[in-house]
Amino acid sequence: MSNELQNIKNRFGIIGNFPVLNRALEKAIQVAPTDISVLVIGESGVGKEFIPKIIHSESKRKHQPYIVVNCGAIPEGTIDSELFGHEKGAFTGATATRKGYFEVADGGTIFLDEVGELPLQTQVRLLRVLESGEFMKVGSSQVQKTDVRIVAATNVNMMKAIQDGRFREDLYYRLNTVQIDMPPLRERKGDIHLLFRKFAIDFAEKYRMPELELEPSAVHYIENYTFPGNIRQLRNLVEQMTVVERNRQISVGKLSEYIPMDAHLPMVVNSSNSQKQNDFNSEREIMYKILFDMRNDINDLKSLTSELIKNKNTGDLSIQEKNLINRIYTSDNQQAVNSNSLLYFENNNSVQTPTIISNPDESYEDIEDIEIEENKPESLSLQNNEKDLIIKALEKHKGRRNRAADELGISQRTLYRKIKQYNLED
């Protein structure tokens with residue numbers, strides 16, 4: 001490792017010797033003397049903010065302003081004013097002329113964090129600054145010039161954002177003159193314990209407490225954790241444990257209370273893990289039940305449609321047809337019906353009876369849906385009709401449920417459920 005790279009790490013408190021990390025820092029040092037734009041790519045919490053600091057400190061602009069702008073934290077309606085300034089009276093609340101960041105940072109460096117969150121209108125303005133160094137304040141027609149070095153960073157998949165129309169492709173290539181990739185912490189396993197020790201010393205000094213130490217098994221545990229929040233998550237973990245834990249020797253058991261390994265690592269579910277297995281089985285059984293119910297409904301609809309087509313020229317319905325109608329259309333919310341022969345319910349003061357409307361030309365194409373109007377006082381008529389049919393069938397067969405079920409065209413299990421539903425038990 002070069003002395004220059006080690007000096008940079010010491011100055012900015014960067015811990016780690018991972019090759020990809022070293023390469024990112026070396027690229028930052030190499031591009032610093034130039035004025036080309038740099039795009040830093042990496043997940044949230046990996047330390048992308050160190051790159052623009054290094055670039056600015058090693059550039060000829062190091063004595064000029066350095067401004068950090070979090071693009072995702074500024075509301076869309078005010079971000080243009082924040083970046084480029086505004087004239088007095090440009091919008092409600094603009095009581096005075098205000099300079100924007102690009103005007104204030106003239107000659108220096110601007111770090112645009114979360115640049116992938118910029119609105120499209122602001123992206124157009126930023127592109128003009130990158131191409132010509134020109135911008136206009138909000139509410140002004142006067143063009144101003146600025147000499148600013150732009151370093152941007154994002155954790156967004158930029159190519160996907162371009163495909164989705166959320167980011168301009170021309171702006172992406174202007175920002176991405178040089179790309180620097182910051183590796184996630186899970187790829188820097190050898191650096192995790194070093195960072196833990198660094199944070200433990202810092203927080204022990206800050207809170208005037210003995211520093212934390214990891215047992216050997218805890219070191220192995222923490223190095224194999226995925227750390228979705230990266231370095232930021234590790235830093236917060238160490239600070240929390242420094243304040244909360246009385247025992248300064250941290251074991252695997254204690255560490256697992258803060259970062260459960262199974263929350264982010266794949267695991268084999270076996271019979272011993274009964275709770276999760278039961279939850280999975282319950283969900284699967286529910287889905288199977290829904291699918292079976294849907295299949296039964298579809299079969300009933302097919303049977304009903306077939307019977308109605310056969311009897312389209314008559315007004316009489318068989319017991320099986322009536323039973324099928326009751327089984328299909330006894331839901332609380334009656335839906336529109338569309339079939340080869342149109343079925344609707346004729347409302348009267350007593351019972352809703354199904355009526356068949358046959359096609360005059362006996363053609364079954366281009367039939368429009370007929371909406372069934374709900375009439376809540378009469379909505380129970382089908383259920384009453386079903387109850388009467390069941391009572392008559394049971395009386396006819398002297399309580400023999402198997403024969404009654406056959407006549408009604410339903411299974412014995414369904415008949416038993418209906419008997420329970422209507423309290424028809426002896």
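The shortest distance between side-chain heavy atoms of F12 and L25 does not fall below 4.5 Å. At a threshold of 4.5 Å between non-hydrogen side-chain atoms, the residues E187 and V20 do not count as touching. Taking the side chain as every heavy atom from C-beta outward, F167 and Q123 approach each other to under 4.5 Å. Annotation: side chain of M159 is in contact with side chain of Y172 (closest heavy-atom distance under 4.5 Å). Here the side chains of I29 and E26 are not in contact, with every heavy-atom distance at 4.5 Å or above. Counting only heavy atoms from C-beta outward, the side chains of Q233 and I259 approach each other to under 4.5 Å. Contact annotation: the side chain of L127 approaches that of R168 to within less than 4.5 Å [non-hydrogen atoms, C-beta and beyond]. At a threshold of 4.5 Å between non-hydrogen side-chain atoms, the residues R11 and I8 count as touching.
With hydrogens and angles ignored, the 3.5 Å screen pairs no side-chain donor or acceptor of K48 with any backbone N or O of A152. Side-chain atoms of R188 do not come within 3.5 Å of backbone N or O of F18 as any donor-acceptor pair. At least one donor-acceptor pair under 3.5 Å links the side chain of D191 to the backbone N or O of N17. Put simply, the side chain of R186 never gets that close to the backbone of P183: no donor and acceptor are under 3.5 Å apart. Under a 3.5 Å cut-off, the side chain of K145 and the backbone N or O of S132 do form a donor-acceptor pair. Remark: side-chain polar atoms of R235 are not paired, donor with acceptor, to backbone N or O of L195 under 3.5 angstrom. A donor-acceptor contact shorter than 3.5 Å is absent between the side chain of N230 and the backbone of P184. With hydrogens and angles ignored, the 3.5 Å screen pairs a side-chain donor or acceptor of N224 with a backbone N or O of H220. Judged by distance alone, with hydrogens and angles left aside, the side-chain atoms of K9 form a donor-acceptor pair with the main-chain N or O of G16 at under 3.5 Å.
The two residues S57 and K62 make their nearest non-hydrogen contact at O-CD, 3.4 Å. When every heavy atom of S44 is checked against every heavy atom of N155, the shortest pair comes out as CB-ND2, 3.6 Å. A28 and I51 make their closest contact through CB-CG2, 4.1 Å (heavy atoms, listed as atom of the first residue, atom of the second, distance). Here the closest heavy-atom approach between residue S59 and residue R149 is recorded as CB-NH1, 4.4 Å. The nearest pair of heavy atoms linking I222 to L214 is CG2-CD1, 4.0 Å. Considering all non-hydrogen atoms of both residues, I192 and L234 come closest at O-CD2, 3.9 Å.
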Passes side chain to side chain contact (heavy atoms under 4.5 Å, CB included), T242 versus R248? Steps please. CA-CA 8 Å; T242 298; R248 313 316 283 178; 3.6 Å; yes

Using the rule given for side chain to side chain contact (heavy atoms under 4.5 Å, CB included), can you reason through T154 versus I41, listing the C-alpha separation, both sets of side-chain angles and the distance that settles it, and then say yes or no? CA-CA 6 Å; T154 183; I41 303 291; 3.7 Å; yes

Could you walk me through whether Y258 and I250 pass the side chain to side chain contact (heavy atoms under 4.5 Å, CB included) check? CA-CA 11 Å; Y258 292 87; I250 305 301; over 6 Å; no

Give the intermediate values and the outcome of side chain to side chain contact (heavy atoms under 4.5 Å, CB included) for residues D170 and R174. CA-CA 6 Å; D170 48 2; R174 290 291 302 187; 5.6 Å; no

Please tabulate, one pair per line, all N/O donor-acceptor pairs under 3.5 Å involving side-chain atoms of residues 83-92, not counting sequence neighbours.
unit_1	atom_1	unit_2	atom_2	d
H86	ND1	S81	OG	2.6
H86	NE2	A96	O	3.3
E87	OE1	T97	OG1	3.4

For a quick test of your reading: what N or O donor-acceptor pairs under 3.5 Å do the side chains of residues 99-117 make, sequence neighbours left out?
unit_1	atom_1	unit_2	atom_2	d
Y101	OH	E82	OE1	3.0
D106	OD1	D147	N	2.7
T109	OG1	H56	ND1	2.9

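Ring geometry for Y207 against F203 counts as parallel: the plane angle stays under 30°, on a 0 to 90° scale with 60° as the upper cut.
Counted within 6.0 Å of CD on Q121, heavy atoms from surrounding residues, nucleotides or ligands total 12 or fewer; the atom is thus considered open. For R98, the CZ atom sits in a packed shell: over 12 heavy atoms of surrounding residues, nucleotides or ligands are nearer than 6.0 Å. For Q240, the CD atom counts as densely surrounded, since its 6.0 Å shell holds more than 12 non-hydrogen atoms of other residues, nucleotides or ligands. Within 6.0 Å of atom CD in Q179, more than 12 heavy atoms from other residues, nucleotides or ligands are found, so the atom counts as buried in its surroundings. A 6.0 Å sphere centred on CD of E257 holds more than 12 heavy atoms belonging to other residues, nucleotides or ligands.
Here the NZ-CD distance, from K137 to Q142, works out to 8.5 Å after rounding to the nearest 0.5 Å. Between the CG atom of D181 and the CZ atom of R23 there is a distance of 10.5 Å, given to the nearest 0.5 Å. Note that CG of D35 is 11.0 Å distant from CD1 of I150, once rounded to the nearest 0.5 Å. Distance CG/L126 to CG/L171: 5.0 Å, rounded to 0.5 Å. The line from CD1 of I15 to CD1 of I231 is 10.0 Å long, rounded to the nearest 0.5 Å. Rounding to the nearest 0.5 Å places CG of L185 at 11.0 Å from CE of M182.
Using a 4.0 Å cut-off between a side-chain N of Lys or Arg and a carboxylate O of Asp or Glu, R128 and E134 qualify as a salt bridge. Checked for salt-bridge contact, K198 and D202 meet the test: a charged N lies under 4.0 Å from a carboxylate O. Contact check on D164 versus K160 returns a salt bridge, with a Lys/Arg side-chain nitrogen under 4.0 Å from an Asp/Glu carboxylate oxygen.
Not a single side-chain hydrogen bond (donor to acceptor under 3.5 Å, both in side chains) links R417 to another residue, sequence neighbours left out.
Cation-pi geometry between K53 and F50 is satisfied (NZ or CZ under 6.0 Å from the ring centre, within 45° of the ring normal).
With Y416 as the fixed residue, the side-chain contact (heavy atoms from CB on, under 4.5 Å) test singles out one of Q412, K418, K420: K420.
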